[in-house]
Amino acid sequence: MSQEADRLFAQPLGQVPDFVFNEDVARVFPDMIKRSVPGYPTIVENIGVLAGHFARPDSVLYDLGCSLGAVTQALRRHVKAERCQVIAVDNSAAMVARCREYLQAQDAMFQELLPVDVVEADILQLDYQPCSLVAMNFTLQFVATEQRPELLARIRRALLPGGALILSEKLRFEDAAEQALLTDLHLDFKRANGYSELEIAQKRSAIEHVMKPDSLQQHRERLLDAGFSRVVPWFQCLNFASLIALP
Ligand SMILES: C[S@@+](CC[C@H](N)C(=O)[O-])C[C@H]1O[C@@H](n2cnc3c(N)ncnc32)[C@H](O)[C@@H]1O
Ligand SMILES: O=C(O)C(=O)C[C@]1(C(=O)O)C=C[C@@H](O)C=C1
């Protein structure tokens, strides 16, 4: 599959439209997310490793907001529990179509991978099956804030004992100086990855109405309110973090 460079915000756009996960984004997504999210490759690979710990035999593993299925591929590489099935869900038709192609390519390269079902659906409308692992890798931040508690409560109710939710998000910081420093350092990360000032500014306008990061404290409180018993941060690089939430 072609690995196209992200040039989506390289030319002046005038009025920058809100960010959507459409065909243009899907085409450049592997390049975009690697150059935008510090630690992304490490997070994805290690979600597979963590899943190997939490996955229970005869259960479902969910990849919610799967995009092109990077996490699903890691789950399939690392989980050895018997008779598990991955359900990868995204509501972007463009992402789902390409995700299926990527997973077929993985099937052609490796034997005995976990079976996977790629579903085009809204994760807010899903009928959750009993599951031992739910991965939400940079997805919750795109769900409307007021819908986050109910979604997490539904996931919590579906999780089997011994399972886990792995939640990765861009963080906001309640301390203004910490927020300013980590925002600056994230911009440096983007510059170091070849993004111009124009690309950085236009991408920022595009995502500001559609992506609403919370603080670690907000995540922790909301997860505990949703019925999770413990929240364990396992990764942070600048303003991007990943948490393990235990049922
Ligand atoms: C930043 S991307 C996720 C990246 C992906 N998990 C990975 O690790 O490569 C966010 C994804 O969530 C999807 N998404 C956002 N809201 C959704 C919803 N309500 N239901 C299903 N998918 C959703 C978007 O279409 C997009 O593909
Ligand atoms: O915070 C930013 O500037 C980002 O580009 C982050 C982010 C994300 O966290 O999902 C936003 C949209 C794209 O999907 C890729 C990266």
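Just follow the structure's listing: the first ligand is 1, and inside any ligand the first atom is 1.
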Between [options], which one has a non-hydrogen atom sitting closest to [atom]?
atom                    : options                     : value
atom 21 (C) of ligand 1 : Val143, Asn91, Val210       : Asn91
atom 5 (C) of ligand 1  : Gly65, Ala74, Ser36         : Gly65
atom 9 (O) of ligand 1  : Phe142, Phe21, Phe19, Tyr40 : Tyr40

Has the side chain of [X] got a donor or acceptor atom that lies under 3.5 Å from a matching backbone atom of [Y]?
X      : Y      : value
Arg77  : Val49  : no
Asp90  : Met95  : no
Arg156 : Gly227 : yes
Glu169 : Gln141 : yes

Is the shortest side-chain heavy-atom distance between [X] and [Y] below 4.5 Å?
X      : Y      : value
Gln202 : Gln11  : no
Ile47  : Ser168 : yes
Val116 : Arg76  : yes
Ser132 : Phe54  : no
Leu159 : Cys131 : yes
Val71  : Ile166 : no

Side chain or backbone of Lys203 under 4.0 Å from ligand 2, or both, or neither, by non-hydrogen atoms? side chain
Classify the contact between Val25 and ligand 2 as side chain, backbone, both or neither, using a heavy-atom distance cut-off of under 4.0 Å.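 For Val25, there is no contact with ligand 2 at all, from either part.
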Answer yes or no: does an N/O atom from [X] fall short of 3.5 Å to an N/O atom of ligand 1?
X      : value
Phe29  : no
Asn137 : yes
Asp90  : yes

Which atoms of ligand 2 are found less than 4.0 Å from any heavy atom of [X]?
X      : result
His186 : 1 (O), 2 (C), 3 (O)
Phe21  : 14 (O)
Phe240 : 1 (O), 9 (O)
Ser36  : 5 (O), 16 (C)
Gln141 : 8 (C), 9 (O), 10 (O)

What atoms in ligand 1 come closer than 4.0 Å to a heavy atom of [X]?
X     : result
Val71 : 8 (O)
Met95 : 27 (O)
Ser92 : 25 (O)

Could you tell me the residue and atom name of the protein heavy atom closest to [atom], and the distance to it rounded to 0.1 Å?
atom                    : value
atom 10 (C) of ligand 1 : Phe138 O, 3.5 Å
atom 14 (O) of ligand 2 : Phe29 CE1, 3.5 Å
atom 1 (O) of ligand 2  : Lys170 NZ, 2.7 Å
atom 4 (C) of ligand 1  : Ser67 OG, 3.3 Å
atom 19 (N) of ligand 1 : Asp122 OD1, 2.9 Å
atom 3 (O) of ligand 2  : Lys190 NZ, 2.6 Å
atom 20 (N) of ligand 1 : Ile123 N, 2.9 Å
atom 11 (C) of ligand 2 : Met211 SD, 3.7 Å

Do the rings of Phe21 and Phe19 sit parallel, tilted or perpendicular, given the 30° and 60° boundaries?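 Ring orientation, 0 to 90° scale: perpendicular.
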Parallel, tilted or perpendicular: ring planes of Tyr128 versus Tyr62, cut at 30 and 60 degrees: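 The arrangement is perpendicular - the two ring planes meet at more than 60°.
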Is it true that Ala121 lies under 4.0 Å from ligand 1, counting heavy atoms only? yes
Would Asp24 and Val28 count as a side-chain contact (heavy atoms from CB on, under 4.5 Å) if you check the C-alpha gap in whole Å, the side-chain angles of each, and the deciding distance to 0.1 Å? CA-CA 7 Å; Asp24 290 338; Val28 302; over 6 Å; no
Could a heavy atom of Glu169 be found less than 4.0 Å from some atom of ligand 2? no
Joint hydrophobic cluster, Leu68 plus Val86, side-chain heavy atoms closer than 4.5 Å: yes
Nearest heavy-atom pair of Met136 and Leu165: which atoms, and what distance?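 Smallest interatomic distance, heavy atoms only, reads CE-CD1, 4.2 Å.
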